[in-house]
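Computed from heavy atoms alone, side chains included, the values below leave out hydrogens, waters and symmetry copies. These figures come from a predicted structure and were not determined experimentally.
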Amino acid sequence: MPEVSRTARLVYLPGGQLTSADDATLARAMMAGDVQAPRVAWGRFAPMVHRMLKRTFGPSQDVEDMVQDVFMCLFRKVGGLREPKSLKAFVISITAMTIKYELRQRRVRRWVHLSGAL
């Protein structure tokens, strides 16, 4: 039986083309394990994610941590993305789920008096 390679296939687009590529190309590069793709995804979507979280929770250190949580989830789950062209919607849905989870956690902490925060 032939040995199956467990290394990620790398996709390199010359001349920084990945930064100007559309969402579908970026999603496919992330799925293929391109080493530039996470940095490009961060640069493209982090401002939007940060705005969404800041609007919900206000300026706090927690917002920075939640932005990182959103991207960790994105990098972990991007392989399951069925439509690469819907990468932005995928990031938005992960952000919305992160917001819901954090609001629920804060409500529970307040209910059991573990924290005086919202």
Donor-acceptor pair, side chain of T25 and main chain of A21, under 3.5 angstrom:
no
Where the side chain of R109 meets the backbone of R104, is there a donor-acceptor pair that is under 3.5 Å apart?
no
Applying the 4.5 Å side-chain criterion to the ILVMFWY set and letting contacts propagate, would [X] and [Y] be lumped into a single cluster?
| X | Y | answer |
| --- | --- | --- |
| Y101 | V108 | no |
| M72 | I92 | no |
| M48 | L26 | yes |

W42 and V49: side-chain contact (heavy atoms from CB on, under 4.5 Å), yes or no, with the steps?
CA-CA 10 Å; W42 177 274; V49 170; over 6 Å; no
Does a side-chain heavy-atom distance below 4.5 Å link [X] with [Y]?
| X | Y | result |
| --- | --- | --- |
| E83 | F90 | no |
| M30 | L74 | yes |
| D62 | R106 | yes |

So for atom CE, which belongs to M97, do other residues, nucleotides or ligands contribute more than 12 heavy atoms lying within a distance under 6.0 Å?
yes
Hey, is CZ on F75 packed in by over 12 heavy atoms from elsewhere, all under 6.0 Å?
yes
Grab the two heavy atoms, one from [X] and one from [Y], that are nearest each other, plus how far apart they are.
| X | Y | value |
| --- | --- | --- |
| M52 | T95 | CE-CG2, 3.8 Å |
| F71 | A41 | CE2-O, 3.7 Å |
| G58 | V63 | O-CG2, 3.2 Å |
| K88 | D23 | CB-OD2, 3.6 Å |
| P84 | L81 | CA-CD2, 4.0 Å |

I'd like to know if D22 and K85 make a salt bridge, using a cut-off of under 4.0 Å between side-chain N and carboxylate O.
no
To the nearest 0.5 Å, tell me how far [X] [atom1] sits from [Y] [atom2].
| X | Y | atom1 | atom2 | result |
| --- | --- | --- | --- | --- |
| E64 | K54 | CD | NZ | 9.0 Å |
| R28 | L87 | CZ | CG | 10.5 Å |
| M66 | C73 | CE | SG | 14.5 Å |

Once side-chain hydrogen bond (donor to acceptor under 3.5 Å, both in side chains) is applied, do any residues pair with D65, and if so which ones, sequence neighbours excluded?
none
Residues passing the salt bridge (Lys or Arg N to Asp or Glu O under 4.0 Å) test with R39, sequence neighbours excluded, are none
Under the criterion side-chain contact (heavy atoms from CB on, under 4.5 Å), I'd like the reasoning laid out for F45 against V70: C-alpha separation, chi angles, the key distance, then a yes or no.
CA-CA 10 Å; F45 298 117; V70 167; over 6 Å; no
